[in-house]
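Since the structure comes first, as structure tokens, the remarks are kept for the end.
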There are 2 protein chains.
Amino acid sequence: MADGLKLGLAGIGTVGSGLLRLIEARRNTLASRAGRPVEVVAVSARNKRKKRDVDLSRVRFVQTRVKLATDPEIDVFVELIGGEAGVAKEAVEAALRAGKHVVTANKALLAHHGASLPALAEKHGAALNFEAAVAGGIPVVKVIREGLQGNDISRVYGILNGTCNYILTLMEQEGRGFADVLKEAQAQGYAEADPTFDIGGFDTAHKLALLTSLAFGTRTSFDAVYVEGIETITPADIEAADDLGYRIKLLGVALRTDSGIEQRVHPTMVPKDTAIAEVDGVSNCVAIDGDFVGDVMLIGPGAGGGPTASAVMSDIIDIARGHVLPAFGIKAKDLKPYKKAQMRAHEGGYYIRLSVHDRTGAFAAIAQRMAEQKISIESIVQRRPRSSVGDARAAVVLVTHQTTEAAVRKALAAIERDGHVDAKPQMIRIEKL
Amino acid sequence: MADGLKLGLAGIGTVGSGLLRLIEARRNTLASRAGRPVEVVAVSARNKRKKRDVDLSRVRFVQTRVKLATDPEIDVFVELIGGEAGVAKEAVEAALRAGKHVVTANKALLAHHGASLPALAEKHGAALNFEAAVAGGIPVVKVIREGLQGNDISRVYGILNGTCNYILTLMEQEGRGFADVLKEAQAQGYAEADPTFDIGGFDTAHKLALLTSLAFGTRTSFDAVYVEGIETITPADIEAADDLGYRIKLLGVALRTDSGIEQRVHPTMVPKDTAIAEVDGVSNCVAIDGDFVGDVMLIGPGAGGGPTASAVMSDIIDIARGHVLPAFGIKAKDLKPYKKAQMRAHEGGYYIRLSVHDRTGAFAAIAQRMAEQKISIESIVQRRPRSSVGDARAAVVLVTHQTTEAAVRKALAAIERDGHVDAKPQMIRIEKL
């Protein structure tokens, strides 16, 4: 049997501990599957003495994580530090320059440096694998990079943040308000003390930027992602969605259009009788529309020590098997420039909820504003929310046929100016599935 | 750029034509993704002169498919002939012996020769890739063989036959009977003239046998698969399932138990509020339960020229990239013997529908027979089918708590002997998801 593959592990939090446990539990099967033993020979962490539930007595502790990255004994640097800059970036760059393979779960790092890091890896003949960075345990990087390579992909989208999906699921199932459910999610450890990064859609945007490069072979362009979070979703929206045959999910969507590629993160109406509507709680999913294969969807755990360790291990076994590919499947120099499709040009159906305070003439005026923008209305209902949580006022709920974002924004701005509504209009995009 | 990868293609039906179109359409991107050009240099088919919608003027036609398999010019033999024996087997063996890589969509061949063919491939340093043989376009072979290798898998299951799923979906959505819907499926080309292989569950069993080997690292044992088809499912069952919160799907399930591995194919009740229940029409899905990753599910097109060509192409690109693995992920000699768990020992919940012709005392007698086998009943209802299709008699529908197959069979045999029912009892297993 070939020599063992020697890992240096930086970061021993939930995922790092999960990985150590996995390697310990699977010692023999891993050797059989990988064709050679896999072992952690050195670790590093910010705090050496922190109490951990894994036995580190038999591995060498390296004082700094950057030093570990270039440790002469290691073949693979496993980066579980996190963050788009600082130590993580410094360590990954050092490792690649030293010709060490890198396995990372760091979506922020790759979303921000998706051009330079793959190029650096290729220059030094090293792998830069990041299965764990997108959708946790779901092997979607491998599926796009290898399993669907015969296809031209037209769209990739998914539920990429478990915190948001957990909150939306609870709001729906228990008819509760956003703030209330967020508090519970925080108490249960499903949401951070500062939840902005998750609920604001930024975590989803990081992952989407990576999926975009994988699916379309374009340079990563995180700054071009349009981002809306779930903070404005109310029980009234969730109930109206239910009545209309939809559920609300925070989706990240990358879509090829004639004018470029849309990258957008926003609450989205998905039909109730689809598999994606059944992706509940902290689960994630990713769907890929390919020209030959059709639509493929993957569902699974989006975070947590076990699932993420599973993904990291898959990357490590690939390296052990000598299977090293460019980070995004094609050489960094072959990645095309990202051409952004403007959000105003986005086409789709829209759900609009208006809080109309004076009904005499208001309906007619609203319909008039829509007509001016050539927006055709599929349905319009006045409804009073079933629950008493959130804004319990009567609302007018409109669903539009296919139209453009620009038209909807103009119409809503005019309606607001007309003074017929007493709150900012709610607008939720409907995704065709 | 490296030399082109030269393919010999045997079989130019739907999938073969799809593959030729894909390679033609993707010439440049494939070269970029695979790191080298990919080209079909020779083909063979039973009938050379048959009219086809692809241009074969620029490829060499080899007289016999077995001759093509060892053609000196080809690197990869793509077997799209089909069948567990005969030409397909002969050609694949010849190709492997000549050190040619083999890519095949032939599930029957591998299900029956899953021990000898991988060993032959390894002996000659050749790949034996079969992504297209299981669940069409869904890259599930890669996901298990590579993406989830860190896991011990406890169960793999799925909807593996599009014909059955199409028929069950139509029966449910339109309240129609099995024979009626089958006829329509045949007219539309979704079912064969002789549909036994699909609706009897045998196609599913072939695919399941391959999934079992991939997931558990055991030698393929197709003969050990317990098989029931969908022929006995009636509108009454589908309606009762709906009332109980279930849908009926033909599942293939491989489950690790203390006494061995269950491999079973049968109509199955799945809860309506799950993603698998939303897998409609000709779609397939595969779910994998791993200890570290948790539950992962893949959904997509299970058949057809485009999806299958996509899967075949993924296998070809792996070879072009120099990525060659043992067929089932570990060396043939390391595959463990398959230890069969007896179907009688299967544990689960059961749906039972009885056609009770004489109600006086019958309920009590039925309950007594269940109690004798220590089967505890979760619910019991007498119902009259909504539709008038099929058997329109009143029926007693029981749902049991967790029990064993042996107990249920004994109880049902006793109930039949007692003479309280005027038709063979219907029994459908409930799968815990």
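Keep in mind the model is a prediction, meaning the values are calculated, not measured. Numbered from 1 within each chain, the chains take letters A, B, ... in sequence-line order.
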Sort out for me which of B/A25, B/G294, B/G329 touches chain A most, counting heavy-atom pairs under 4.5 Å.
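Looking at each of B/A25, B/G294, B/G329 in turn, B/G329 comes out on top.
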Pick from B/D273, B/I138, B/V143 with the largest number of heavy-atom pairs that fall under 4.5 Å of chain A:
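Highest number of pairs under 4.5 Å: B/D273.
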If I measure from the heavy atoms of chain A, does [X] come under 4.5 Å with its side chain, its backbone, both, or neither?
| X | value |
| --- | --- |
| B/L298 | both |
| B/R26 | side chain |
| B/D295 | backbone |
| B/D315 | neither |
| B/L22 | both |

Between atom SG of B/C285 and atom CE of A/M297, what is the distance when rounded to the nearest 0.5 Å?
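Nearest 0.5 Å value for the SG-CE distance: 12.0 Å.
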Of the backbone (N, CA, C, O) and the side chain (C-beta and beyond), which part of [X] lies under 4.5 Å from a heavy atom of chain B, both, or neither?
| X | value |
| --- | --- |
| A/K331 | neither |
| A/D318 | side chain |
| A/E131 | neither |
| A/I288 | neither |

